[in-house]
Amino acid sequence: MFDTLSDRLTGIFAKLKGKGRLTDADIDATAREIRLALLEADVALPVVKAFIARLKERARGADVHAALNPAQQVIKIVHEELVNVLGGEARRLQFAKHPPTVIMLAGLQGSGKTTLAGKLARHLKGLGHQPLLVACDLQRPNAVNQLQVLGGRAGVEVYAPQPGNGVGDPVQVARDSIEHARRTMRDIVIVDTAGRLGIDAEMMRQAANIRDAVQPDEVIFVIDAMVGQDAVATAEAFRDGVGITGVVLSKLDGDARGGAALSVREVTGSPILFASTGEKLEDFDVFHPDRMASRILGM
Amino acid sequence: LSRDKLDDDTWDEVEDTLITADVGVEATREIVGKLREQARVQGTATAADLRAMLASQLLAALDPGMDRGLKATPHRDSADGRPAVVLVVGVNGAGKTTTCGKIARVLIADGHSVVLGAADTFRAAAADQLATWGSRVGAEVVRGPEGGDPAAVAFDAVKRGTESGVDTVLIDTAGRLQNKVGLMDELGKVKRVVSRQGPVDETLLILDATTGQNGLEQARVFTEVVDVTGVVLTKLDGTAKGGIVIAVQRKLGIPVKLVGLGEGPDDLAPFEPAAFVDALLAE
Ligand SMILES: Nc1nc2c(ncn2[C@@H]2O[C@H](COP(=O)(O)OP(=O)(O)OP(=O)(O)O)[C@@H](O)[C@H]2O)c(=O)[nH]1
Ligand SMILES: Nc1nc2c(ncn2[C@@H]2O[C@H](COP(=O)(O)OP(=O)(O)OP(=O)(O)O)[C@@H](O)[C@H]2O)c(=O)[nH]1
Ligand SMILES: [K+]
Ligand SMILES: [Mg+2]
Ligand SMILES: [Mg+2]
């Protein structure tokens, strides 16, 4: 297998002793190694290319002191750039001026939406809010029951007027849920939706209709940290099809390097709000760009 | 691959095609290396030749001669008429439960009888989801108490299947990430306990086609723990190409047997290496 990026860069810079500045050849060799490291971490190719171009630009002007371990210096630059792209400081959820605040979840099948709905409900309830969970996945077998179980665990009401399993209109449920939330004095509405493929035009239209029915303050795109090169196509499809205000990366408790974080962030321009880190409702954390950068670089 | 001369850009394009299909850096370099050698030896000049050569390299990497049949038919010759046992494993959300339903559908359509074992006692409403599939396709579902011992449910499902003389028992298990040692041990136990009634015939790893390089690690660890005999590549109806299975086949020799092409009961198909390669190379 491949050495760590640090080892590889150290190899390149071994020849650098004494020189103060990187030659173009040094920069190219370094860029190649970083490119490989990013691709191995599943960062999407177009994103890698753009990132490397920026990095080369920055490296050209950089004063690298051979005496100070140039490999570490370059890694520091790469790390900083990654943290920048990943969003610098974390952003909080946007709340509506006039409650209820509506949070809609969207993403591919199996990405972790329903679980995240439960986590958000629990988290927000813990902050003193009165959330309502809304069951708008009326398609996947027993998605409604799954949300009801999670709502029960979070101690949060689940609005589920339709049984699902192909029965009921998700757009109608979404619309009615807002009225229900007002009536029952809920200040946050969390709308779980069915998983859908970016290329499924009909399902993307349904998502847009749900969005129009609830006028969300946040549309959160949930993406699995294990996703590979498809992250770009999928993020673009959801960005264009539903609109995205924030991203949650799920299954970060696994050992995938999680390059998708960089891809999605670059494509959507939306901040990564949270990290989902397990199957239990408490396995939930704010997103840390610096940790993510280290993880992508295998540090 | 539109140009007719093999310059550096053409080779870069080949590499990019493979990388963006999730084939991975290592496998891509090896495949491109072989291709360059072949092009040099044959003096190939056109991009059209190159595409054909690339397709055959990829096909070779998938070992098209391998047996991809599902070992899901019963042991009619054995003394106790034991059903075939299929164990379905994989990471969270990959498509295990759906694939159990779809396989049951195919078997039942072929005139077989099926028992489904709901050995995911952990995830919210997982057994209900399998039960819905059971009634959709006409298979009995054996389930246990929520939070109960999954190995016990799996054992009971096989016992029930044997007693009622069905042809196949499909065991759905909870999703687990391969780096969770405790959960992987639990899965190993499920298989051991089931095996007390006879060997498991097929252990299918469900791999989501959108998975990147972590897919290889999934295949490696699940194989270490439960000896995976086949892969089902799900969600191939999306834009993802599923190229990680090339690395899985190369490194571990585990063949893809089936592909998932949607959420419906009939959205399952045999894996066709040539069609897969064509789709991988398509724009
Ligand atoms: N390990 C781990 N598992 C997770 C995480 N988030 C969700 N899961 C699991 O992933 C699987 C899918 O999660 P769901 O919440 O059902 O995903 P979904 O996006 O709602 O799926 P669909 O509704 O079918 O599209 C379940 O087994 C969850 O328990 C996470 O952060 N870590
Ligand atoms: N488009 C598409 N969706 C699929 C396919 N297979 C499964 N799904 C969907 O993916 C999601 C997850 O499928 P499940 O069968 O619940 O996955 P699982 O592996 O059992 O999930 P856990 O038990 O939670 O780990 C569901 O929304 C399924 O409908 C497929 O081949 N194509
Ligand atoms: K595809
Ligand atoms: Mg869901
Ligand atoms: Mg399941």
Side-chain angles (χ1 to χ4, degrees), chain A residues 1-2 35-37 39-46 48-49 108-112 114-115 118 139-153 165 194-195 197-200 223-234 237 250-251 253-260 278-279, chain B residues 15-26 28-29 91-98 101 122-133 135-136 146 174-180 183 208-215 217-218 221 234-235 237-244 260 262-263:
Chain A
M1 275 311 282
F2 291 98
R35 174 189 152 97
L36 283 183
L39 287 174
E40 283 163 17
D42 286 323
V43 180
L45 184 62
V48 171
K49 286 182 173 171
L108 291 180
Q109 287 92 344
S111 58
T114 307
T115 307
Q139 180 163 322
R140 174 214 160 134
N142 302 83
V144 174
N145 307 108
Q146 185 189 1
L147 192 67
Q148 281 166 328
V149 170
L150 297 177
R153 282 181 200 159
N165 290 2
L197 297 172
I199 49 165
D200 187 337
I223 184 159
D224 187 321
M226 294 179 277
V227 166
Q229 298 287 320
D230 190 49
V232 164
T234 297
S250 69
K251 307 180 199 173
D253 48 323
D255 56 11
R257 295 270 288 281
E279 296 193 70
Chain B
E15 247 187 57
D16 288 1
T17 303
L18 298 180
I19 290 288
T20 50
D22 291 314
V23 172
V25 171
E26 198 190 333
T28 293
R29 286 183 148 184
V91 298
N92 305 83
K96 295 174 292 300
T97 307
T98 307
F122 181 74
R123 212 213 62 210
D128 296 337
Q129 185 188 353
L130 191 69
T132 297
W133 274 103
S135 59
R136 216 180 244 189
E146 206 172 299
R176 65 200 79 226
L177 301 179
Q178 74 280 1
N179 62 333
K180 306 274 171 92
L183 294 178
D208 184 327
T210 63
T211 310
Q213 298 312 297
N214 194 247
E217 190 62 7
Q218 289 170 30
V221 178
T234 58
K235 309 184 196 175
D237 46 327
T239 40
K241 306 278 194 178
I244 189 62
E263 299 185 74

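Proteins get letters first, then strands, A, B, ... in listed order; numbering begins at 1 in each. Because only heavy atoms are used, hydrogens play no part in the values below, and waters and symmetry mates are left out as well, while side chains stay in.
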### Summary
Heavy atoms of B:R136 and A:P141 approach each other most closely as NH2-CG, 3.9 Å
#### Entry: Proximal component of B:Q129, with respect to chain A [non-hydrogen, under 4.5 Å]
both
### Query
What's the spacing between B:L177 CG and A:E279 CD if we round to 0.5 Å?
7.0 Å
### Message
At a heavy-atom distance under 4.5 Å, which candidate from B:T210, B:T97, B:D208 has the highest pair count against chain A?
### Response
B:T210
### Task
Examine whether an atom of A:A256 lies under 4.5 Å from a heavy atom of chain B, and if so say whether it belongs to the side chain, the backbone or both; otherwise answer neither.
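The answer is both parts of A:A256.
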### Query
Side chain, backbone, both or neither: which part of A:L108 has a non-hydrogen atom closer than 4.5 Å to chain B?
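For A:L108, side-chain heavy atoms alone lie under 4.5 Å from chain B.
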### Query
About how many Å separate CD of B:E217 and CZ of A:R257, when rounded to the nearest 0.5 Å?
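So the gap between those two atoms works out to 11.5 Å.
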### Query
To the nearest 0.5 Å, how far apart are CG in A:D253 and CG in B:N179?
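Separation between the atoms: 7.0 Å.
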### Message
Show, in sequence, the C-alpha distance, side-chain angles and deciding distance for A:E40 and B:E26, and conclude whether the side-chain contact (heavy atoms from CB on, under 4.5 Å) test is met.
### Response
CA-CA 9 Å; A:E40 283 163 17; B:E26 198 190 333; over 6 Å; no
### Query
Do B:D237 and A:L197 come close enough that some side-chain heavy atom pair is under 4.5 Å?
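In contact.
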#### Entry: Main-chain N/O of A:M226 paired with B:N214 side-chain donor or acceptor, under 3.5 Å
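It does not hold such a pair.
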### Task
Just give me the residue among B:K180, B:R123, B:Q218, B:Q178 that pairs up with chain A most often, heavy atom to heavy atom, under 4.5 Å.
B:R123
### Message
Using heavy-atom distances under 4.5 Å, tell me whether A:D255 contacts chain B through its side chain, its backbone, both, or neither.
### Response
both
### Query
Should A:D230 and B:K241 count as an ion pair when the cut-off is N to O under 4.0 Å?
no
### Task
Considering non-hydrogen atoms only, spot the tightest contact between B:G212 and A:D42 and give its length.
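Shortest heavy-atom separation between B:G212 and A:D42 comes out as CA-OD1, 3.4 Å.
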#### Entry: Closest approach of A:K251 to B:N92 (non-hydrogen atoms, all atoms of both residues)
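The pair with the smallest heavy-atom distance is NZ-O, 2.8 Å.
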### Query
Would you call B:D16 and A:K49 a side-chain contact if the rule is heavy atoms closer than 4.5 Å?
yes
### Task
Pick whichever of B:G93, B:A125, B:A126, B:A124 has the most heavy-atom pairs under 4.5 Å with chain A.
B:A124
### Query
Between A:L39 and B:I19, is a side-chain contact (heavy atoms from CB on, under 4.5 Å) present by the stated rule, with each step listed?
CA-CA 8 Å; A:L39 287 174; B:I19 290 288; 3.7 Å; yes
### Message
Is A:R153 in contact with chain B via its backbone, its side chain, both, or neither, using a 4.5 Å heavy-atom distance?
### Response
side chain
#### Entry: Residue part contacting chain B, namely of A:D200, when any heavy atom lies under 4.5 Å
neither
### Task
Take B:T132 and A:N165, measure what side-chain contact (heavy atoms from CB on, under 4.5 Å) needs, and give me the verdict at the end.
CA-CA 8 Å; B:T132 297; A:N165 290 2; 3.6 Å; yes
### Message
If I take atom OG1 from residue B:T98 and atom CZ from residue A:R140, how far apart are they, to the nearest 0.5 angstrom?
### Response
6.5 Å
### Message
Once rounded to the nearest 0.5 Å, what's the spacing between atom CG of A:N142 and atom CG of B:L130?
### Response
9.5 Å
### Message
Counting only non-hydrogen atoms closer than 4.5 Å, does A:Q109 touch chain B with its backbone (N, CA, C, O), its side chain (CB onward), both, or neither?
### Response
both
